[in-house]
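Have a look at the structure below before the remarks.
If you're wondering where the values come from, they're calculated on a predicted model, not measured in any experiment.
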Amino acid sequence: MTGYCLPRTEVFGVHGDDPRGSRRIMVAWPEEPPPPAGYPVIYLLDANATFGTLVEAIRMRAHRPAATGVVPAVVVGVGSERDGPYDRVRRTYDYTPPNAAGAATGLETGGRDRFEAFLLGELAEQIEGRYPIDRSRRILLGHSLGGFFVLDLLLRRPDAYAGYIAISPSIWWDRDRLLQAADALGATLGGETPPPRVMIAVGEYEQTLAPWQAATDEAASMTARRDARGMVDQARELARRLSQWEARGLTVRYDEVAGEDHASVVLSSISRGLRFVLAPQSVR
């Protein structure tokens, strides 16, 4: 008996110049023909965990864009050669800048610049050489520490992508720098590239215990960790600071999703985010 596989997908490895070895790249392309300018493209971090989820969430709606608000798109998942949903060692290195304040994890940090160069350079060139891509509609999506990377890149290079989706971003890794950069973002907006669309989503139960967690043996340690990280407060505050630039063309959406925790919020936020970044341009 053969296993289930997604149609119109491929998986390949890309090594680049990273001494840690190759990355697993997963690509899915639409059944629908491309528009004249090409397909939008979503680059998904930690793709081992959510590539299939994102692909199917687009496909079940993209055949009726006028009704669903979601147009067909190429999905490029950036994953790990390791099995399992997350490669904690590699993602900690890839997503963090040098001297990040939250670096007391025992894991190597500081690979952000190398990873950013890979995403925007070698990987983008390969994808745009293989598929008809609309370069003006590149989107970056990340969760948790991946969400931190998404916001970090937005605040330094807002014109790199047309859309940024940060789900449960770990802002606590470098909170003060990100908040200061959000206040200064307006100085980089208003050039030839239209300002991006930015979505920040966080679950209701990321700063307090969910009902099913309150009676567990880990309740006390979870409470202390959540108090220290302030996931909801920090996500809300960063979104508020970004919103001051809406008069300069930035589009900001903040979702505090009821009933969801740090893991479960990914599924509902992917669904919400797709319409936000993939709505037909005629109805935006």
With a 4.5 Å limit on heavy-atom distance, are the side chains of V41 and Y131 in contact?
-> no
Test the R24-F51 pair against the cation-pi criterion, namely NZ or CZ under 6.0 angstrom from the six-membered ring centroid and within 45° of the ring axis.
-> no
E56: partners by side-chain contact (heavy atoms from CB on, under 4.5 Å), with sequence neighbours left out | Y4, L6, R59
Could you pull out all residues at least two apart from S168 that satisfy side chain to side chain donor-acceptor pair (under 3.5 Å)?
-> E206
Residue pairs, two or more places apart or on separate chains, that pass salt bridge (Lys or Arg N to Asp or Glu O under 4.0 Å) and touch residues 67-80 = none
Check: R226 side chain, T208 main-chain N or O, donor-acceptor pair, under 3.5 Å | yes
List for me each residue that meets side chain to side chain donor-acceptor pair (under 3.5 Å) alongside R91, sequence neighbours excluded, and say none if there are none.
-> D46
Could you pull out the closest heavy-atom pair between A57 and I270, with the gap in Å?
-> CB-CG2, 4.2 Å
Please name all residues satisfying side chain to side chain donor-acceptor pair (under 3.5 Å) with Q180, sequence neighbours left out, ordered by chain then number.
-> none
Value for CZ (R112) from OH (Y93), rounded to nearest 0.5 Å, stands at 11.5 Å
Listed partners of L179 passing side-chain contact (heavy atoms from CB on, under 4.5 Å), at least two apart | R175, E237, L238, R241
side-chain contact (heavy atoms from CB on, under 4.5 Å) filter on M60, not counting sequence neighbours, yields none
For E260, enumerate each residue passing the side-chain contact (heavy atoms from CB on, under 4.5 Å) test, keeping only those at least two apart in sequence or located in another chain.
-> V257, S264, V265, S268
Quick one: are T109 and T92 in side-chain contact, heavy atoms under 4.5 Å?
-> yes
Heavy atoms only: give me the nearest L54-V75 pair and the separation to one decimal.
-> CD2-CG1, 3.8 Å
Does the H143 side chain pair with the main chain of H262, one donor and one acceptor, at a distance under 3.5 Å?
-> yes
Mind jotting down which residue pairs meet the salt bridge (Lys or Arg N to Asp or Glu O under 4.0 Å) criterion with at least one end in residues 154-173? Sequence neighbours excluded, please.
-> E116-R156, E116-R157, D152-R156
Is there any ring pair (Phe, Tyr, Trp, His ring centres under 6.0 Å) pair reaching into residues 228-253, and which pairs are they, with sequence neighbours excluded?
-> none
Does E128 pair with R138 as a salt bridge, N-O distance under 4.0 Å?
-> yes
With the 4.5 Å side-chain cut-off for hydrophobic clustering, are L242 and L153 part of the same group?
-> yes
Above 12 or not: heavy atoms from other molecules or residues under 6.0 Å from CZ of R135?
-> no
Transitive ILVMFWY cluster of L209 at side-chain heavy atoms under 4.5 Å: who else is in it?
-> M222
Of the non-hydrogen atoms in R197 and V277, which two are nearest, and what is the gap between them?
-> NE-CA, 4.4 Å
With sequence neighbours excluded, give me every ring pair (Phe, Tyr, Trp, His ring centres under 6.0 Å) pair touching residues 197-236.
-> Y205-W212
